[in-house]
Number of protein chains: 2
Amino acid sequence: MTAAAKTQVTDHIDQGSIYDSIRARLAEGELKPGKRLKPDELRADYGCSASAIREVLFRLACGRFVDFEEQRGFRVPEATLKRLLEIRDFRVLIESEAAARSIARGDMEWEARLNAAHHKLAHMEVKMRHAQRLREHIAIWTRFDWEFHETLVSACGSSLLQDTLHDLFYQYRQQLAGLVPDYGFREGTVDEHKAILDAALARNPEKCAEAIRQHFSFLDDDPPSSAGTV
Amino acid sequence: MTAAAKTQVTDHIDQGSIYDSIRARLAEGELKPGKRLKPDELRADYGCSASAIREVLFRLACGRFVDFEEQRGFRVPEATLKRLLEIRDFRVLIESEAAARSIARGDMEWEARLNAAHHKLAHMEVKMRHAQRLREHIAIWTRFDWEFHETLVSACGSSLLQDTLHDLFYQYRQQLAGLVPDYGFREGTVDEHKAILDAALARNPEKCAEAIRQHFSFLDDDPPSSAGTV
DNA sequence: GAAATTAAAAATTTCGAGAATGATTGATAA
DNA sequence: TTATCAATCATTCTCGAAATTTTTAATTTC
């Protein structure tokens, strides 16, 4: 393989990578609500057939990242405050329960991983407070954010809960990106994540649930201005 | 469209119907755990191409009704007590929460629909107590059972909760069918459903949650004999 | 000018063939 | 007899073209 081929990153990608890529483009707000997702257009970005894209879009539709209507194809779901709150409430319910089980079952190894994940996330978020071009950091921030929340529930003992949370995390991000500026990044997240960490390490499930609730309560106090429900 | 075309139901089936059909065959235990699901074999049952079956199996994999491994195709997931309990616990968590919200928000119309759904289910379950060939009634019983649980949460205000419960209902049934005799039908369900109905109509969310927990507690007292975890 | 009909264009869905990959069988040798 | 390897078979995966449907544009009619 030549060096020139390296720039052509789209040479040959498996479906899993295409899935991750499109989901990321949705969560980062590049693919905007309402936009139609035509397999024949997207194929150019990934160097594969329309059929392969179609399969990926089907899988994304199962996770509710795109809408699908028979004979009418795929499109990016509308971002509404109603839907965002629905996703948030579901996520708070499940993440609180899963965190409580992790607190009850997690060992010292789990504590160490949670500390490490929080350290990376906090470093990133402090750095982003003063960043010029926020856009450039969103992808990495998203990864660290997910790694922290994933680690929090990683000892809960139920892959069902964990996988459901994974989908909800990205659904939440996607809705947020379509409704608020700065891709949903806020100053307050640093302290909020710290509160979740402390409650988890203190093995206090009630306090942890409350910290999780707090982490998402900003939507109640300060509803996004452009959040018409249609 | 002519009247004659209506009778020819098997001529041309849309993907949604194939999805429902295969999911039902899984929930009723016809397609047994471990069995490989080859698109080229299943196509004969539905008169379409292997590609169409492949897409349906992908969608079933999203709902966790079948396992998918790259380059190795699809197969019916193993039924284990561990997995069954995981699904049960998740379902109890969500159904309790969704029922509580329905109790808080549901109007008289909701009460009426819940009564109607329970009436049909109870009638069916009493009839099945003395039925000779249980197998013949499973499909209808499954529908009535789902309609009752669906109606219970239908006023919760979150389509996310409702759709998640829909998947969990069939996942639970599928695991149960693979682990216990009689497709999971028990004598006790009549009284248990009645307790859920009464608590909901009494607008008592705590009592309703307890009744739901009770409805699934038989797995703790009387673990299925053939439930080796592999 | 507005509404309804018709024609053209674009997108979706289905399908079967060929390429790529994994599984199976049978032969050979230790 | 057991293990290794090669050849064979079956299945999965990818793809582009044909058929169906929807959307858009143009035309006609009231």
Side-chain angles (χ1 to χ4, degrees), chain A residues 1 5 8-23 25-26 31-78 230, chain B residues 1-2 4-6 8-23 25-26 31-78:
Chain A
M1 180 166 302
Q8 218 177 335
V9 288
T10 59
D11 208 17
H12 186 57
I13 312 185
D14 64 288
Q15 280 204 2
S17 304
I18 301 175
Y19 179 94
D20 290 341
S21 169
I22 296 182
R23 191 186 55 196
R25 290 168 74 181
L26 288 163
L31 301 171
K32 294 203 165 52
K35 180 177 172 60
R36 294 192 58 180
L37 298 167
K38 303 175 211 174
D40 211 32
E41 283 181 7
L42 285 151
R43 66 183 298 191
D45 300 343
Y46 300 100
C48 64
S49 74
S51 313
I53 299 287
R54 181 181 156 84
E55 262 187 15
V56 169
L57 290 174
F58 256 118
R59 291 166 63 179
L60 286 165
C62 293
R64 306 181 154 277
F65 302 112
V66 307
D67 282 344
F68 168 72
E69 240 182 317
E70 198 144 339
Q71 304 286 7
R72 292 192 185 182
F74 304 87
R75 61 174 59 223
V76 184
E78 290 301 329
V230 166
Chain B
M1 175 166 306
T2 67
K6 202 177 179 185
Q8 235 176 324
V9 286
T10 59
D11 204 20
H12 188 58
I13 310 187
D14 63 290
Q15 281 203 3
S17 304
I18 301 176
Y19 179 95
D20 289 341
S21 170
I22 296 181
R23 190 186 57 196
R25 292 169 72 181
L26 288 163
L31 301 172
K32 294 203 164 53
K35 178 177 173 60
R36 293 193 59 184
L37 299 166
K38 303 177 208 174
D40 210 32
E41 283 181 7
L42 285 155
R43 67 184 298 190
D45 299 343
Y46 299 100
C48 65
S49 74
S51 314
I53 298 288
R54 182 181 154 86
E55 264 187 14
V56 169
L57 290 174
F58 254 117
R59 292 166 65 180
L60 286 164
C62 293
R64 306 175 154 279
F65 301 111
V66 307
D67 282 344
F68 168 72
E69 241 182 317
E70 199 145 337
Q71 304 286 4
R72 292 193 185 184
F74 305 87
R75 61 174 57 222
V76 183
E78 289 300 329

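Both backbone and side-chain heavy atoms feed into the values below; hydrogens, waters and symmetry mates do not. If you're wondering where the values come from, they're calculated on a predicted model, not measured in any experiment. Below, chain A is the first sequence line, B the second, and so on; all start at residue 1.
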*Asks:* Of the candidate nucleotides C/dT14, D/dC13, C/dG16, which contains the atom at the shortest distance from the side chain of B/Ser51?
*Replies:*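 Per side-chain heavy atoms of B/Ser51, the pick is C/dG16.
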*Asks:* In whole Å, what is the span from the CZ atom of B/Phe74 to the C1' atom of D/dT11?
*Replies:*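 From B/Phe74 CZ to D/dT11 C1': 12 Å.
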*Asks:* Verify the contact: side-chain N or O of B/Arg72 to OP1 or OP2 of D/dC13, cut-off strictly under 4.0 Å; return yes or no.
*Replies:*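 Result: no.
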*Asks:* For A/Glu69 and C/dT12, give me the distance from atom CD to atom C1', rounded to whole Å.
*Replies:*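 My rounded result for the distance is 13 Å.
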*Asks:* Assign the ring pair A/Phe68 / A/Phe58 to parallel, tilted or perpendicular, where the plane angle (0 to 90°) is split at 30° and 60°.
*Replies:*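 The rings of A/Phe68 and A/Phe58 sit tilted, inter-plane angle from 30° to 60°.
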*Asks:* Could you check whether A/Phe68 gets within reach of a base, just the sugar-phosphate, or nothing at all, counting any heavy atom under 4.0 Å?
*Replies:*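 Sugar-phosphate contact only.
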*Asks:* Report the distance from atom CD1 of B/Ile53 to atom C1' of C/dC15, rounded to the nearest whole Å.
*Replies:* 13 Å
*Asks:* Does the side-chain contact (heavy atoms from CB on, under 4.5 Å) test come out yes or no for A/Ile53 and A/Val56, once each step is laid out?
*Replies:* CA-CA 5 Å; A/Ile53 299 287; A/Val56 169; 5.5 Å; no
*Asks:* Report the distance from atom CD of B/Glu55 to atom C1' of C/dT12, rounded to the nearest whole Å.
*Replies:*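 From B/Glu55 CD to C/dT12 C1': 11 Å.
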*Asks:* Taking it one step at a time, do A/Glu55 and A/Ser51 satisfy side-chain contact (heavy atoms from CB on, under 4.5 Å)?
*Replies:* CA-CA 6 Å; A/Glu55 262 187 15; A/Ser51 313; over 6 Å; no
*Asks:* Just to confirm, is there a sub-4.0 Å distance from OP1 or OP2 of C/dT13 to any side-chain nitrogen or oxygen of A/Arg54?
*Replies:*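 Yes, such a contact exists.
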*Asks:* Send over the distance from B/Glu70 CD to D/dT14 P, rounded to a whole Å.
*Replies:* 7 Å
*Asks:* Consider the side chain of B/Pro39, meaning its heavy atoms from C-beta on, and name the nucleotide among C/dC15, D/dG16, D/dT12 that approaches it most closely.
*Replies:* D/dT12
*Asks:* Take atom NZ of A/Lys35 and atom P of C/dA11, then tell me their distance rounded to the nearest Å.
*Replies:*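 In whole Å, C/dA11 P and A/Lys35 NZ are 11 Å from each other.
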*Asks:* Which is more 5' along DNA chain D, the nucleotide nearest A/Ala50 or the one nearest B/Lys38? Just name the residue.
*Replies:*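 Closer to the 5' end of DNA chain D: B/Lys38.
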*Asks:* To the nearest Å, how far apart are A/Gln71 CD and D/dT23 P?
*Replies:* 10 Å
*Asks:* Is there a donor-acceptor pair closer than 3.5 Å between any side-chain N or O of B/Arg36 and the backbone N or O of B/Arg75?
*Replies:* no
*Asks:* Output the rounded distance in Å from OH (A/Tyr46) to P (D/dT14).
*Replies:*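 Taking atom P of D/dT14 as the reference, OH of A/Tyr46 is at 16 Å.
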*Asks:* Can you see if the side chain of A/Arg36 gets near the phosphate of C/dT12 - specifically, an N or O under 4.0 Å from OP1 or OP2?
*Replies:*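 True: A/Arg36 side-chain N/O within range (under 4.0 Å) of C/dT12 OP1/OP2.
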*Asks:* Under the side-chain contact (heavy atoms from CB on, under 4.5 Å) criterion, do A/Asp20 and A/Arg23 qualify, and how do the steps go?
*Replies:* CA-CA 5 Å; A/Asp20 290 341; A/Arg23 191 186 55 196; 3.5 Å; yes
